There are 2 protein chains.
Amino acid sequence: MDSKIKYRKSRQRDTIQEMLMNRKDHPTADTLFFELKKEFPDLSLGNVYRNLNILVEQGVIQRLDLGSTFNRFDGNAAPHSHFICTICNSVSDVDLKFDLDVSIVSNESLAGHISGYKLDFFGVCEKCRR
Amino acid sequence: MDSKIKYRKSRQRDTIQEMLMNRKDHPTADTLFFELKKEFPDLSLGNVYRNLNILVEQGVIQRLDLGSTFNRFDGNAAPHSHFICTICNSVSDVDLKFDLDVSIVSNESLAGHISGYKLDFFGVCEKCRR
DNA sequence: CTACTTGCAAAATTTTTGCAACTGA
DNA sequence: TCAGTTGCAAAAATTTTGCAAGTAG
């Protein structure tokens, strides 16, 4: 976590990254832990967190904070929006037709200094609608 | 928290609500706790949480989840955007000139079923810019 | 070799809960 | 009186950390 650390390659961390990139749900640390446990029987949850934090720091994945009491992780580090189902809490990616125009903000003192935004959508997913 | 409970009036809860409505920073439970402690010397943090949850349930305040490890609370229950300073982590309200047009979402299967969105902005606040 | 990585267990942080005493309507 | 409220302490849930042994380069 110390930014001057030169990270080594680790099969565990590589697998976490790969797993995250290959699944499009946005799993929690715990979900990943149980999935990884199959391949690394004596894996510990603490190291899943440690590796996730390193991957976030390296900018290859991102941590999602979507209003739950726990974090989810996304193999796609590029900023993008999500759709959260208010019934089953599943999270899916959302593509925007256009980039948001930040000029919709009317606070003059802030408007010029906005460096980013986070836009997420809520509703009932297709599965829960049936 | 049981939705069939008929809440009584409580000076503690009223004060929390009032305090929240009168300040425009968006305090954490802990911050409120220390502030309230002046007026209620043997207040417990647990009850601050209990009362905040009741107020959220009643829809008079809202819980903010802005990416930190803790929640903040907002005396304004109406959905609105926030600006989070990436230096000092302060949170301020943001007014939008227009309501966001949800048709910017291109996922056809979701587009018609979006019931809400959450839009927050990031940058460096005026104080930290100096 | 030297630093990074891992497993394990303990700890830290934030929030919730059980219980008995108290209080408002 | 009765159901909601409070203080206190313990517990729950999620995430972080210390340490000693292991390992990549």
Side-chain angles (χ1 to χ4, degrees), chain A residues 1-20 26-58 60-74 89 91, chain B residues 1-20 26-58 60-74 89 91:
Chain A
M1 233 71 62
D2 201 324
S3 61
K4 44 197 162 306
I5 279 184
K6 176 181 127 294
Y7 296 112
R8 211 166 270 176
K9 193 183 256 303
S10 112
R11 209 164 90 64
Q12 204 173 99
R13 189 156 62 238
D14 287 351
T15 307
I16 292 180
Q17 178 177 352
E18 202 181 306
M19 188 171 278
L20 266 179
H26 300 67
T28 62
D30 206 61
T31 302
L32 287 169
F33 171 62
F34 283 110
E35 189 65 25
L36 288 159
K37 198 88 175 167
K38 294 173 189 164
E39 191 162 345
F40 304 91
D42 39 23
L43 174 71
S44 63
L45 181 57
N47 280 328
V48 174
Y49 276 107
R50 255 194 287 232
N51 280 320
L52 285 170
N53 285 336
I54 292 173
L55 291 169
V56 168
E57 194 201 334
Q58 293 179 330
V60 299
I61 68 168
Q62 71 175 301
R63 181 195 317 276
L64 303 182
D65 200 311
L66 300 168
S68 21
T69 57
F70 45 81
N71 288 138
R72 289 170 170 278
F73 293 87
D74 191 328
N89 296 304
V91 176
Chain B
M1 234 70 62
D2 202 324
S3 62
K4 46 197 162 302
I5 280 184
K6 176 182 128 293
Y7 297 113
R8 209 166 270 175
K9 195 182 255 304
S10 111
R11 209 164 90 62
Q12 204 172 100
R13 189 154 63 239
D14 287 352
T15 308
I16 291 180
Q17 178 176 353
E18 201 182 306
M19 188 171 279
L20 222 34
H26 300 68
T28 63
D30 205 62
T31 302
L32 287 169
F33 172 62
F34 283 110
E35 190 65 26
L36 289 159
K37 199 85 177 169
K38 295 173 189 164
E39 190 163 346
F40 303 91
D42 40 22
L43 174 70
S44 64
L45 180 56
N47 279 328
V48 174
Y49 276 107
R50 256 195 286 235
N51 280 320
L52 284 170
N53 285 337
I54 291 173
L55 291 169
V56 168
E57 195 200 333
Q58 292 178 332
V60 301
I61 68 168
Q62 71 174 304
R63 181 194 316 277
L64 304 181
D65 201 311
L66 300 167
S68 22
T69 58
F70 45 81
N71 288 138
R72 289 170 170 278
F73 293 86
D74 190 329
N89 296 304
V91 176

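Lettering follows sequence order; numbering is per chain, from 1. Computed from a predicted structure; not experimentally measured.
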Spacing of F40(B) atom CZ relative to dC8(D) atom P, expressed in whole Å: 14 Å
Is a side-chain donor or acceptor of R72(A) paired with a backbone partner of L64(A) at a separation under 3.5 angstrom? no
Partners passing side-chain hydrogen bond (donor to acceptor under 3.5 Å, both in side chains) against D30(A) (at least two apart in sequence or in another chain): none
How many Å lie between NZ on K37(B) and P on dC8(D), as a whole number? 7 Å
Nearest to the side chain of R8(B), which nucleotide is it out of dA3(D), dA24(D), dT6(D)? dA3(D)
For the atom pair CG (L52(A)) and CD1 (I61(A)), what is the distance rounded to the nearest 0.5 Å? 5.0 Å
Quick one: are M19(A) and L32(A) in side-chain contact, heavy atoms under 4.5 Å? yes
Would you say N47(B) places a side-chain N or O within less than 4.0 Å of OP1 or OP2 belonging to dT6(D)? no
For a quick test of reading the model: is some side-chain N or O of N53(B) closer than 4.0 Å to OP1 or OP2 of dT15(C)? no
Spacing of Q12(A) atom CD relative to dA24(D) atom C1', expressed in whole Å: 14 Å
What one should report as the nearest heavy-atom pair of H26(B) and V91(B) is ND1-O, 3.0 Å
Gap between atoms CG and P, on L36(B) and dT6(D) respectively (whole Å): 11 Å
Side chains of N53(B) and E57(B), heavy atoms from C-beta outward: is any pair under 4.5 Å? no
Would you indicate what L43(A) reaches in the nucleic acid, counting non-hydrogen atoms under 4.0 angstrom: base, sugar-phosphate, or nothing? sugar-phosphate
Rounded to the nearest angstrom, tell me the gap between atom CG in N51(A) and atom C1' in dT5(C). 8 Å
Taking the nucleotide of DNA chain C with the nearest heavy atom to each, does S44(A) or R63(B) sit closer to the 5' end? S44(A)
Identify which nucleotide among dG25(D), dT5(D), dG7(C) has an atom closest to any side-chain atom of K9(A), counting heavy atoms from C-beta outward. dG25(D)
Check nucleotides 10-14 of chain D for protein N or O atoms closer than 3.5 Å to its own N or O atoms and list the pairs.
none

Holding to side-chain hydrogen bond (donor to acceptor under 3.5 Å, both in side chains), I want the full list of residues that pass it with R13(B), two or more places apart in sequence or in another chain. N51(B)
Would you say V60(A) and L20(A) make side-chain contact, with heavy atoms under 4.5 Å? no
State, to 0.1 Å, how close F33(B) and S44(B) come at their nearest heavy-atom pair, and which atoms those are. CE1-C, 3.6 Å
Could you tell me whether the phosphate oxygens of dT6(C), OP1 or OP2, come under 4.0 Å of any side-chain nitrogen or oxygen in S10(A)? yes
Atom CG of D14(A) and atom P of dC4(C) are separated, to the nearest Å, by 17 Å
Taken to the nearest whole Å, CD1/I16(B) to P/dT5(D) is 12 Å
Sorted by chain and residue number, the salt bridge (Lys or Arg N to Asp or Glu O under 4.0 Å) partners of D65(B) (sequence neighbours excluded) come out as none
Of R13(B) and G46(B), the one whose closest nucleotide on DNA chain D sits nearer the 5' end is R13(B)
Under 4.0 Å from any atom of DNA chain D, heavy atoms only: list the residues of residues 26-35 of chain A that qualify, in numerical order. none
Ignoring hydrogens and angles, does a donor from either the side chain of D42(A) or the base of dG7(C) sit under 3.5 Å from an acceptor on the other? no
Hey, what do you get for CG (N47(B)) to OG (S10(B)), rounding to the nearest 0.5 Å? 9.0 Å
Could you list all N or O pairs between the protein and nucleotides 19-21 of chain D that sit under 3.5 Å apart?
none

So which nucleotide from dT6(D), dG25(D), dG4(D) ends up closest to the side chain of I5(B)? dG4(D)
Mind checking side-chain hydrogen bond (donor to acceptor under 3.5 Å, both in side chains) for S68(B) and listing every partner two or more places apart, or none if nothing turns up? none
Got a sec, which residues hit side-chain hydrogen bond (donor to acceptor under 3.5 Å, both in side chains) with T28(A), two or more places apart in sequence or on another chain? T31(A)
Could you give the NZ-to-C1' distance, from K6(B) to dT23(C), as a whole number of Å? 13 Å
Which residues pass the side-chain contact (heavy atoms from CB on, under 4.5 Å) test with R8(A), not counting sequence neighbours? none
At 10 degrees resolution, what angle do the end axes of the helix from dC1(C)-dG25(D) to dA25(C)-dT1(D) form when each is taken over five base pairs? 40°
Kindly list each side-chain donor-acceptor pair under 3.5 angstrom involving residues 34-41 of chain A, sequence neighbours excluded, with atom names and distances?
residue: E35(A); atom: OE1; partner: K38(A); partner atom: NZ; Å: 3.4
residue: E35(A); atom: OE2; partner: K38(A); partner atom: NZ; Å: 3.4
residue: K37(A); atom: NZ; partner: P41(A); partner atom: O; Å: 3.3
residue: K37(A); atom: NZ; partner: L43(A); partner atom: O; Å: 3.2
residue: E39(A); atom: OE2; partner: R11(A); partner atom: NH1; Å: 3.3

